2 protein chains.
Amino acid sequence: MDKLLTIQEMSRLTGLSAHTLRYYEKEGMLEGVARSEQGYRVYSEADVSWVQFLVILRELDIPIREMKRYSSLRSQGPSTVHERRLMLEAHQLRVEQQMLKLGENLEKIAGKIQYYKEMEEDIEIGLRRKRRQKCP
Amino acid sequence: MDKLLTIQEMSRLTGLSAHTLRYYEKEGMLEGVARSEQGYRVYSEADVSWVQFLVILRELDIPIREMKRYSSLRSQGPSTVHERRLMLEAHQLRVEQQMLKLGENLEKIAGKIQYYKEMEEDIEIGLRRKRRQKCP
DNA sequence: GTACAGTTTAGAGCGCGCTCTAATGCAACT
DNA sequence: AGTTGCATTAGAGCGCGCTCTAAACTGTAC
């Protein structure tokens with residue numbers, strides 16, 4: 001166990017490009033990544049879990065700025081657990097509201113789709129009628 | 001009825017800034033907006049409905065590029081109804097998948113929040129124990 | 001008449017989140 | 001020895017969707 005990974009393997013496991021992994025690290029969201037003798041990054045399994053968590057935050061549309069704040073809190077240790085929880089709860093709420101909004105808008109779009117379907121049928125009937133007139 | 005509106009009133013009714021309304025028009029998403037004698041934009045109620053529809057598309061994260069395509073189809077008349085429906089259905093599917101993904105990620109975040117809550121309780125208990133040792 | 005608030009345009013600028021480039025280096029293979 | 005392939009860095013560049021600026025004009029109020 002405790003496999004050590006290259007940046008490519010990390011990329012494959014997280015879906016982030018090597019470029020993006022370096023970028024996240026430069027921005028302070030990935031502290032303490034080990035290096036090989038040659039200066040290459042060597043990721044631990046703990047790093048993998050953490051980056052996978054960052055990916056979840058990104059997929060929830062949490063801005064980089066907030067992710068940096070969260071990372072900073074995390075690196076300050078357990079005393080920041082409460083504040084971290086508050087951050088997560090705030091975003092949880094925001095995403096829930098966003099999902100509601102998406103749901104509403106999906107319904108409106110569905111209405112429009114239904115309307116278009118009916119229009120298409122009417123056009124079809126119109127065509128059929130024309131054809132009948134042409135070749136009786 | 002058939003009230004005519006200034007750009008400010010349009011802005012208020014749609015939530016888009018006057019800047020953005022002009023931008024959308026410049027990009028070809030709002031064709032045939034009338035002008036007053038002084039060259040000021042004058043929006044009709046039909047314009048309002050259309051812009052409100054555009055806002056829904058934006059809220060569903062449909063890129064401007066696609067909205068331009070859709071607008072172009074619309075201005076070509078009823079013969080494009082089928083293609084418009086296909087576009088809407090494609091985005092409908094995309095948004096549904098996105099909502100699923102959001103739901104999954106929300107669950108993971110909820111798990112983390114729960115975990116933090118337990119940590120906070122443990123810290124509380126630890127503190128209480130310390131206090132008892134101090135002042136018995 | 002003049003200040004004020006609103007409008008117009010073309011075009012510049014911006015914040016975000018990457019994404020890519022160029023120059024350099026190391027390790028293994030032929 | 002040379003080629004291939006992966007890594008490193010600092011920093012430039014990019015696509016998106018606005019957002020703002022500057023200069024000019026108009027109608028309304030005082």
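First the proteins, then the strands, lettered A, B, ... as listed; each starts at 1. If you're wondering where the values come from, they're calculated on a predicted model, not measured in any experiment.
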Under 4.0 angstrom between B/Gln38 side-chain N/O and D/dG27 OP1 or OP2: yes
Donor + acceptor pair across side chains of B/Arg35, B/Tyr40 (<3.5 Å): no
Nearest-0.5 Å distance, CG of residue B/Leu54 to OG of residue B/Ser71: 5.0 Å
Value in whole Å for how far the P atom of C/dG6 lies from CD of B/Glu37: 21 Å
Whole-Å distance separating the CD1 atom of A/Ile64 from the P atom of C/dG17: 5 Å
Presence of B/Arg65 side-chain N/O under 4.0 Å of D/dG15 phosphate oxygens OP1/OP2: no
From A/Met10 atom CE to A/Arg22 atom CZ, the distance as rounded to the nearest 0.5 Å: 12.5 Å
Given D/dC18, C/dC18, D/dT21, the nucleotide with the shortest approach to the side chain of A/Tyr23: C/dC18
Rounded distance in Å - CE (A/Met10) to P (D/dA7): 13 Å
For atom CG of B/Leu21 and atom C1' of C/dG6, their distance in whole Å: 15 Å
N/O (side chain, B/Tyr24) to phosphate O (OP1/OP2, D/dC18) under 4.0 Å: yes
Among C/dT7, D/dT8, C/dC18, the one nearest A/Arg35 by side-chain distance: D/dT8
Trace of the side chain to side chain contact (heavy atoms under 4.5 Å, CB included) decision for A/Glu66 with A/Leu57: CA-CA 9 Å; A/Glu66 292 275 300; A/Leu57 296 185; over 6 Å; no
Phosphate contact (C/dT9 OP1 or OP2) by B/Arg41 side-chain N/O below 4.0 Å: yes
Residue mapping more 5' on DNA chain C - nearest nucleotide basis, A/Ser17 or B/Glu9: B/Glu9
Candidates C/dG17, C/dT19, C/dT8 - which lies nearest the side chain of A/Pro63: C/dG17
B/Gln8 side chain near C/dG6 phosphate (N/O to OP1/OP2, under 4.0 Å): no
Nearest-angstrom distance from the residue atom CD of A/Glu25 to P of D/dA7: 14 Å
Distance, rounded to the nearest Å, where A/Glu27 contributes CD and C/dG17 contributes C1': 10 Å
Neighbour count above 12 (heavy atom, 6.0 Å) for A/Glu107 CD: no
Nucleotide D/dA24, atom P - distance to OH of B/Tyr40 in whole Å: 16 Å
Separation of D/dT8 C1' from A/Ile7 CD1 (nearest whole Å): 9 Å
Touch class at under 4.0 angstrom, heavy-atom based, for B/Arg22 against every strand present: base
